[in-house]
Amino acid sequence: MKAKSIGPRSEANRDVDDAIDHYLSESAERAALGFVDALEQAYAHIARHPATGSPRYAHALNIPGLRSRSLNRYPYLVFFIECEDSIDVWRVLRGQRDIPAWLEDKR
């Protein structure tokens with residue numbers, strides 16, 4: 001199976017920048033770099049196996065096709081929808097937040 005291209009929305013890119021800024025503000029450069037590595041691994045997995053993402057929030061938010069995947073060792077979830085030739089990444093959010101409210105605000 002051919003990997004699909006990953007296309008993060010501006011909100012997802014802003015989420016990633018905020019997460020990196022958070023780790024850097026804690027003087028945790030190593031954690032920031034680890035976060036980027038974990039995100040790249042998640043994107044690579046999603047690109048090859050999008051159907052393995054959890055549909056949990058698709059049902060809660062009534063957004064058909066919405067899936068999520070957690071990052072290894074970091075409390076973040078990548079929210080995405082599989083398109084014909086690509087993956088549309090909606091958000092990258094901390095799992096402790098009120099996820100449905102954050103996603104509905106950004107529809």
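Between the OG atom in S25 and the CG atom in D18 there is a gap of 10.5 Å [rounded to 0.5 Å]. Atom OG1 of T52 and atom NE2 of H45 lie 3.0 Å apart (nearest 0.5 Å). With values rounded to the nearest 0.5 angstrom, D15 atom CG is found 5.0 Å from L93 atom CG. With rounding to the nearest 0.5 angstrom, the NE2 atom of H22 is 5.5 Å from the CZ atom of R94. Of the inter-residue distances, the one linking L77 atom CG with S70 atom OG reads 6.0 Å to the nearest 0.5 angstrom. Here CZ of R91 is found 11.5 Å from OH of Y76. Values are rounded to the nearest 0.5 Å.
Closest approach of Y43 and I6 over heavy atoms only: O-CD1, 3.6 Å. Residues Y23 and A31 approach most closely at CD2-CB, 3.8 Å, considering heavy atoms. Among all heavy-atom pairs drawn from R67 and P50, the shortest one is CD-O, 3.3 Å.
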Is there a side-chain contact (heavy atoms from CB on, under 4.5 Å) between L39 and L71? Walk through the geometry before answering. CA-CA 6 Å; L39 182 64; L71 298 189; 4.1 Å; yes
Kindly determine whether D85 and K4 satisfy side-chain contact (heavy atoms from CB on, under 4.5 Å), including the steps that lead there. CA-CA 6 Å; D85 296 323; K4 295 185 175 194; over 6 Å; no
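Hydrophobic clustering (ILVMFWY, side-chain heavy atoms < 4.5 Å, transitive): L24 and V36 are in one cluster. A chain of hydrophobic side-chain contacts below 4.5 Å, direct or via other Ile, Leu, Val, Met, Phe, Trp or Tyr residues, connects Y74 to V92. Linking Ile, Leu, Val, Met, Phe, Trp and Tyr whenever their side-chain heavy atoms come within less than 4.5 Å leaves I81 and V78 in two separate clusters. Note: the hydrophobic cluster containing V16 does not contain F79 (ILVMFWY, side chain heavy atoms under 4.5 Å, direct or indirect links). F80 and F35 fall within the same hydrophobic cluster, defined by Ile, Leu, Val, Met, Phe, Trp and Tyr side-chain heavy atoms under 4.5 Å apart, directly or through other members.
Between V89 and R9, the closest side-chain pair of non-hydrogen atoms is not below 4.5 Å.
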